[in-house]
Number of protein chains: 2
Amino acid sequence: MATIYDVAQRAQVSPATVSRVLNGRASVDPDMVVRVQDAVRELNYRPNSVARNLRRSRTTLWTVIISDVGNPFFTAMVRGVEDVAQRAGYSVVLCNSDEDPAKEAQYVTAALQDQMAGVIISSSGHAANVNRLIEAGTPVVAIDRQISGANVDSVLVDNEHGAHMATAHLLERGYRRIACITGPRKVSTAAQRLRGYQQALREQGFATPAALVRYSDYREEGGYAAMASLLDAGDPPDAVFAANNLMTVGAVECVVDRGIAVPAGMGVIGFDDIPWAHLVRPSLSTVSQPTYELGRTAAMLLAERITEPDRPASTVTLQTTLKVRESSLKP
Amino acid sequence: MATIYDVAQRAQVSPATVSRVLNGRASVDPDMVVRVQDAVRELNYRPNSVARNLRRSRTTLWTVIISDVGNPFFTAMVRGVEDVAQRAGYSVVLCNSDEDPAKEAQYVTAALQDQMAGVIISSSGHAANVNRLIEAGTPVVAIDRQISGANVDSVLVDNEHGAHMATAHLLERGYRRIACITGPRKVSTAAQRLRGYQQALREQGFATPAALVRYSDYREEGGYAAMASLLDAGDPPDAVFAANNLMTVGAVECVVDRGIAVPAGMGVIGFDDIPWAHLVRPSLSTVSQPTYELGRTAAMLLAERITEPDRPASTVTLQTTLKVRESSLKP
DNA sequence: CTGAAAGCGCTAACAT
DNA sequence: ATGTTAGCGCTTTCAG
């Protein structure tokens, strides 16, 4: 690979001048500019960004830490991040923590070592990781999941409200024993969606027995198992609200396997869409999230924080929408 | 951030010794090892990998270039890559080319500038990009899509055979006017799957009229449009083979919108699974690919090429499986 | 406006 | 076995 010295030599100028031409930061004699550009072309010179990064002590890389690449919710979100990142001149390193705080910690360490320009994180719960980044001065944005005990830019959705809508809708349709399958205890969205569910029940004068609540893992298998456990317990539910898309799929599979009809024998509604929800029979009612927009917003917040490191942290909350399809329509 | 000099000073040794302890490359006096380790801990020292990379003139980053992050096929593949990469000490930068050769070229340029340790690419067709990498000495593995005119390690599936199985299955079930919706002309998988389809027809003595073939874009909307075009032409098909998962979904949507029954009025089979194919009604018959394994294999090949740059390029072809579900069962 | 020179933090000869 | 030293390729003062 040609270096900046090769270009300088060929263009009969100093390396400093080549650098100036390349970065357009200072004014350079037009003749020299042309000579440098010619030399760059002739040598097929591309600046070595590793050297540049070392010198500037920053990179043009963002780390995005999500908890499940297998979940279309996160990939759609990442798409939103990438589109903004690319436009702003950053590349995105995608990291999959698998809901494992240890893996998450590893990725945070890597982000620190690699001098990442910024981090967007959907944290599995512990504030410690995020605080390490903040202390090191790395710009961070929390996405999808709140981080208690860290003062950080955040992009969230109205989880409580969404869960409330879903539950109220089931009540309105005549379901009376409504169960809730929520996510891991440490994850903010799990707690908030559970709270929205409980509140909707209470408002209508219904009890919120713990027997109808299951904490699970936001995965398909977890949703299946939780549903099985609800059905095996005495006095099973007549409807279920599942706190994410994959668990909804798992729950439906379980219900189908048991030969229970949806929505007649069991009403189902889930938080977050799955692709092709409309092709599934019965089609799945959901609380729909602005997934792509979530990513875009986080990316914009990160870009802003990078240019203005000292402004106060802000939290953006996006709205969810109730999508009533067949699975929640009690005949 | 603490540097290696800070650690050296605190441990009363030279920076070189700290480096040796950290990298475990040479033998160091046990006492010093302990002193260094203590200093590292006390200063919370993490090596700056940008500096390390510059010095070693290589990084521990892989670039994975795929054509659609929104397609679960690619994300599952990436999961396979990541699992192997992480174990081998590499991080993965995921890049989304959106089937756009220009975007792909940008990412290749970035990979070159950033001194990426290796690249796994599902190319949109032009060998030029891949050749730039090879000429620069960057280890490359082609995944999912063949690159003609480049001598490169490749991991593929038996596209022709898979398409052949799908088409033969439709014939066997009694469908007689079978259409094919394939991918972009430049993409190797599109050509191969089309060829498998044609061959199966010819073997059974059927014609392969161009009127029953559509080139599309491997996207849901494209599948929908291609199906619409097939239905609007005179003498419409009684079955369709779609060359990827998203186009299958689009085709089914179109058929449903037109009020045609699947599989009675229209048989449908697709290449590559979609998640929850079994929940969709009618459930979709598919040619299933070992997606995760594809990623794993590519990653292993890349790791091997990095350690042995001069060995001859090899091509691994994985098998596909016919998954007969409801959508292809003519009553 | 331009060039010389100093380093960013680390590793790998080389010397001891 | 350990330390000294010279860069990796680039940007950015600082002089001129």
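First the proteins, then the strands, lettered A, B, ... as listed; each starts at 1.
- Under the side-chain hydrogen bond (donor to acceptor under 3.5 Å, both in side chains) criterion, B:S19 pairs with B:N23, not counting sequence neighbours.
- Applying the salt bridge (Lys or Arg N to Asp or Glu O under 4.0 Å) test to pairs two or more places apart or on separate chains, those with a residue in residues 7-17 of chain B are B:R10-B:E42.
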Ignoring hydrogens and angles, write down the donor-acceptor pairs under 3.5 Å from the side chains of residues 116-127 of chain A, residues two or more places apart or on other chains.
residue: A:S123; atom: OG; partner: A:E104; partner atom: OE2; Å: 3.1
residue: A:S123; atom: OG; partner: A:G125; partner atom: N; Å: 3.0
residue: A:S124; atom: OG; partner: A:E104; partner atom: OE1; Å: 2.6

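- Map B:L54 and B:S14 each onto its nearest nucleotide of DNA chain D; the residue landing nearer the 5' end is B:S14.
- Judged as a ring-ring contact (aromatic ring centres under 6.0 Å, His included), the pairs with a partner in residues 79-112 of chain B (not counting sequence neighbours) are, in order, B:W62-B:Y90.
- Judged purely by atom type and a 3.5 angstrom limit, A:D98 has no side-chain atom pairing as donor or acceptor with the backbone of A:D100.
- A:S154 pairs by the side-chain contact (heavy atoms from CB on, under 4.5 Å) definition with A:A142, A:V152, A:L156, A:T315, not counting sequence neighbours.
- Applying the salt bridge (Lys or Arg N to Asp or Glu O under 4.0 Å) test to residues at least two apart or on different chains, none of the pairs has a partner in residues 46-59 of chain A.
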**OP:** Determine, for nucleotides 10-16 of chain D in 5'-to-3' order, which nucleotides have protein heavy atoms under 4.0 Å from the base (write B), from only the sugar-phosphate (write S), or from neither (write -).
**Re:** BBBB---
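- When DNA chain C is scanned 5' to 3' for any atom under 4.0 Å from a heavy atom of chain A, the first and last hits are C:dC1 to C:dG9.
- Residue A:V28 is classed as a sugar-phosphate contact, given heavy-atom separations below 4.0 Å to backbone atoms only.
- With sequence neighbours excluded, no residue forms a salt bridge (charged side-chain N to carboxylate O under 4.0 Å, His left out) with A:D83.
- For residues 292-314 of chain A, there are no ring-ring contact (aromatic ring centres under 6.0 Å, His included) pairs, not counting sequence neighbours.
- Looking at heavy-atom distances under 4.0 Å, A:V50 makes no contact with the nucleic acid at all.
- Checked against ring pair (Phe, Tyr, Trp, His ring centres under 6.0 Å), B:Y45 has no partners two or more places apart in sequence or in another chain.
- A rotation axis mapping the C1' atoms of four pairs onto the next four is fitted at both ends of the helix from C:dC1-D:dG16 to C:dT16-D:dA1 over five pairs, and the angle between these axes is 40° to 10 degrees.
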